[in-house]
Number of protein chains: 2
Amino acid sequence: MALHDVPTLHGGCGDCPIRHRAVCARCDTDELAQLENIKYYRSYQAGQTVIWSGDKMDFVASVVTGIATLTQTMEDGRRQMVGLLLPSDFVGRPGRQTVAYDVTATTDLLMCCFRRKPFEEMMIATPHVGQRLLEMTLDELDAAREWMLLLGRKTAREKIASLLAIIARRDASLKLRDASKGPIVFDLPLTREEMADYLGLTLETVSRQVSALRRDGVIALEGKRHVIVNDLGRLLEEAGDDSDGGFLV
Amino acid sequence: MALHDVPTLHGGCGDCPIRHRAVCARCDTDELAQLENIKYYRSYQAGQTVIWSGDKMDFVASVVTGIATLTQTMEDGRRQMVGLLLPSDFVGRPGRQTVAYDVTATTDLLMCCFRRKPFEEMMIATPHVGQRLLEMTLDELDAAREWMLLLGRKTAREKIASLLAIIARRDASLKLRDASKGPIVFDLPLTREEMADYLGLTLETVSRQVSALRRDGVIALEGKRHVIVNDLGRLLEEAGDDSDGGFLV
DNA sequence: CGGGTGCTTGATGAATCTCAACAATCGTGG
DNA sequence: CCACGATTGTTGAGATTCATCAAGCACCCG
């Protein structure tokens with residue numbers, strides 16, 4: 001859990017890129033000042049483990065930049081990713097010391113951490129943090145249930161298409177592009193193995209199905225990771241989702 | 001959504017069987033009185049649909065007695081159960097009008113409903129309801145993630161064993177029996193098809209694996225639904241869980 | 001250049017689904 | 001009370017999907 005250099009930090013919460021989406025989204029200036037008192041930054045390199053399942057966690061945190069994953073592992077080594085943490089997502093559970101999953105940085109990662117005790121006290125004293133956290137947790141629960149449908153019922157091809165569609169949409173929304181027109185272009189933030197862990201497949205099956213989608217013209221690839229989606233509607237069809245249903249991340 | 005006779009209702013929240021586990025668990029007498037003003041009961045017969053996915057929901061509710069399920073359905077009819085609602089569990093989402101899943105009563109069901117608007121106002125005014133709801137939602141999220149591991153990585157046999165183990169433990173905890181000694185006996189609250197929908201299997205595979213577990217002496221059956229677990233440790237082994245890990249429902 | 005990591009592709013086999021027939025159970029009406 | 005149909009569950013045979021095992025390619029970095 002060694003730190004390396006903390007990247008250039010901005011002035012304060014006012015400039016924070018996740019200010020309006022994270023657990024602090026609803027806080028007023030007063031509350032923000034309180035949070036600022038108990039916060040500190042940590043950064044992790046791509047591939048580093050943030051916490052091991054079962055470890056004690058003396059802080060809770062928001063992802064500021066980068067991507068982290070939550071994974072569960074069975075005794076014999078089978079692994080299932082149970083969450084993908086994007087900027088503004090929250091890690092840790094107020095009221096519980098230990099964490100139930102391995103948290104790993106898949107890209108370089110910057111986290112905004114709050115010391116557990118003061119954070120919990122603040123949750124009781126000021127309602128805005130708790131309210132926002134409830135909202136975020138309900139969203140995560142919805143996403144987890146969406147994923148249960150994928151894991152339980154979708155074919156390998158549909159699983160791949162679903163994952164690509166989710167990433168494509170998130171990327172489109174971040175770049176404020178209209179997802180309905182023009183190609184969407186993005187880099188996969190996950191290796192084939194990580195995709196397999198997320199989708200409940202083997203890495204070979206992931207590789208085959210990505211190739212198949214490319215062969216069938218659903219997506220185009222440049223190199224291994226750079227994906228071009230010319231027709232999002234087509235991709236969504238392949239994903240087996242209701243045409244425009246689902247959720248934006 | 002027709003009602004039939006509402007069962008005999010107790011005096012007030014004081015006698016309520018879910019008083020100390022439901023969303024009202026932390027409320028003091030004052031707050032309880034407020035809730036009492038906006039609450040009403042509804043009951044549903046086994047098999048009845050409580051709400052259809054996409055429908056508008058003008059209330060939120062707690063399950064008082066009985067069991068309900070949350071299921072998602074794909075266009076072509078594939079179904080995945082994404083939640084099993086037991087007494088004290090909460091239905092509905094503050095801040096959102098529509099519901100994302102079909103909610104169905106699998107047994108006769110009694111729900112304690114709160115009108116949405118006043119409930120939301122109360123969530124803002126008094127913190128105890130929101131705090132408890134956050135806690136419950138975090139628990140549900142943990143359970144959903146546990147289920148993702150099951151759906152993504154466990155074999156059919158492990159899935160069945162896991163489901164039986166969860167029901168066995170819950171039953172043991174309700175009856176305050178020591179789960180570690182003596183046989184655990186319970187009735188399955190789900191049909192084979194519902195089990196299949198929960199586990200991401202077909203009903204035929206469920207049937208075969210239940211038979212296999214019986215043949216191998218892991219469980220005993222009387223009729224189709226009545227299950228006897230003589231050795232919970234053995235069942236947990238078959239479930240692929242860490243010996244004593246996991247969560248009590 | 002060599003070695004490592006990440007990825008692709010092929011051959012084979014196992015787990016699970018699909019289709020199909022049939023058995024057991026339950027409620028209902030004659 | 002019994003016969004009937006409807007529902008629920010069991011079992012078998014064959015098809016399909018995906019995992020496993022194995023080989024080799026592409027790229028990056030020292």
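Computation of the quantities below employed the complete heavy-atom set of this structure, encompassing side-chain atoms and omitting hydrogens, waters and symmetry-equivalent molecules. Chain identifiers are assigned alphabetically (A, B, ...) following the order of the sequence lines, protein sequences preceding nucleic acid strands; residue numbering begins at 1 within each chain.
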Inset, instruction - Using a strict 4.0 Å threshold on nitrogen-to-oxygen distance, state whether B:Glu238 and B:Arg234 make a salt bridge. - result: yes
For [N], does OP1 or OP2 lie under 4.0 Å from any side-chain N or O of [X]?
X: A:Ser211; N: C:dT9; value: yes
X: B:Thr155; N: C:dA15; value: no
X: A:Arg157; N: D:dC18; value: no

Inset, instruction - Let me know which of A:Arg153, A:Arg169, A:Lys154, A:Lys159 forms a salt bridge (charged side-chain N to carboxylate O under 4.0 Å, His left out) with A:Asp241. - result: A:Lys154
Inset, instruction - Could you say whether A:Arg153 or A:Arg192 is positioned toward the 5' end of DNA chain C, judged by the nucleotide with the nearest heavy atom to each? - result: A:Arg192
To the nearest Å, give me how far apart [atom1] ([X]) and [atom2] ([N]) are.
X: A:His226; N: D:dA26; atom1: NE2; atom2: C1'; value: 19 Å
X: A:Arg215; N: C:dT8; atom1: CZ; atom2: P; value: 12 Å
X: A:Leu150; N: D:dC18; atom1: CG; atom2: C1'; value: 15 Å
X: A:Glu193; N: C:dT8; atom1: CD; atom2: P; value: 13 Å
X: A:Met195; N: C:dG6; atom1: CE; atom2: C1'; value: 13 Å
X: A:Leu188; N: C:dT8; atom1: CG; atom2: P; value: 10 Å
X: A:Leu213; N: C:dT8; atom1: CG; atom2: P; value: 12 Å
X: B:Leu151; N: C:dT16; atom1: CG; atom2: C1'; value: 15 Å

Legend entry - Residues in side chain to side chain donor-acceptor pair (under 3.5 Å) contact with A:Asp231, at least two apart in sequence or another chain: none
Legend entry - Close side-chain approach of A:Met57 and A:Arg93, heavy atoms under 4.5 Å: no
Legend entry - Test item: A:Met195 and A:Gln209 side chains (from C-beta on) under 4.5 Å apart, heavy atoms: no
Inset, instruction - Kindly say whether A:Leu190 contributes a backbone atom to a donor-acceptor pair with the side chain of A:Thr106 at under 3.5 angstrom? - result: no
Legend entry - Geometric class of the B:Trp147/B:Tyr198 ring pair [parallel <30°, tilted 30-60°, perpendicular >60°]: parallel
Legend entry - For DNA chain C, the residues among residues 198-209 of chain A that have a non-hydrogen atom under 4.0 Å from it: A:Leu203, A:Glu204, A:Ser207, A:Arg208
Inset, instruction - Name the nucleic acid region contacted by A:Arg78, choosing base, sugar-phosphate or nothing; use a 4.0 angstrom heavy-atom cut-off, strictly under. - result: nothing
Inset, instruction - For B:Leu221 and for A:Lys224, find the nucleotide of DNA chain D with the closest heavy atom, then tell me which residue's nucleotide is more 5'. - result: B:Leu221
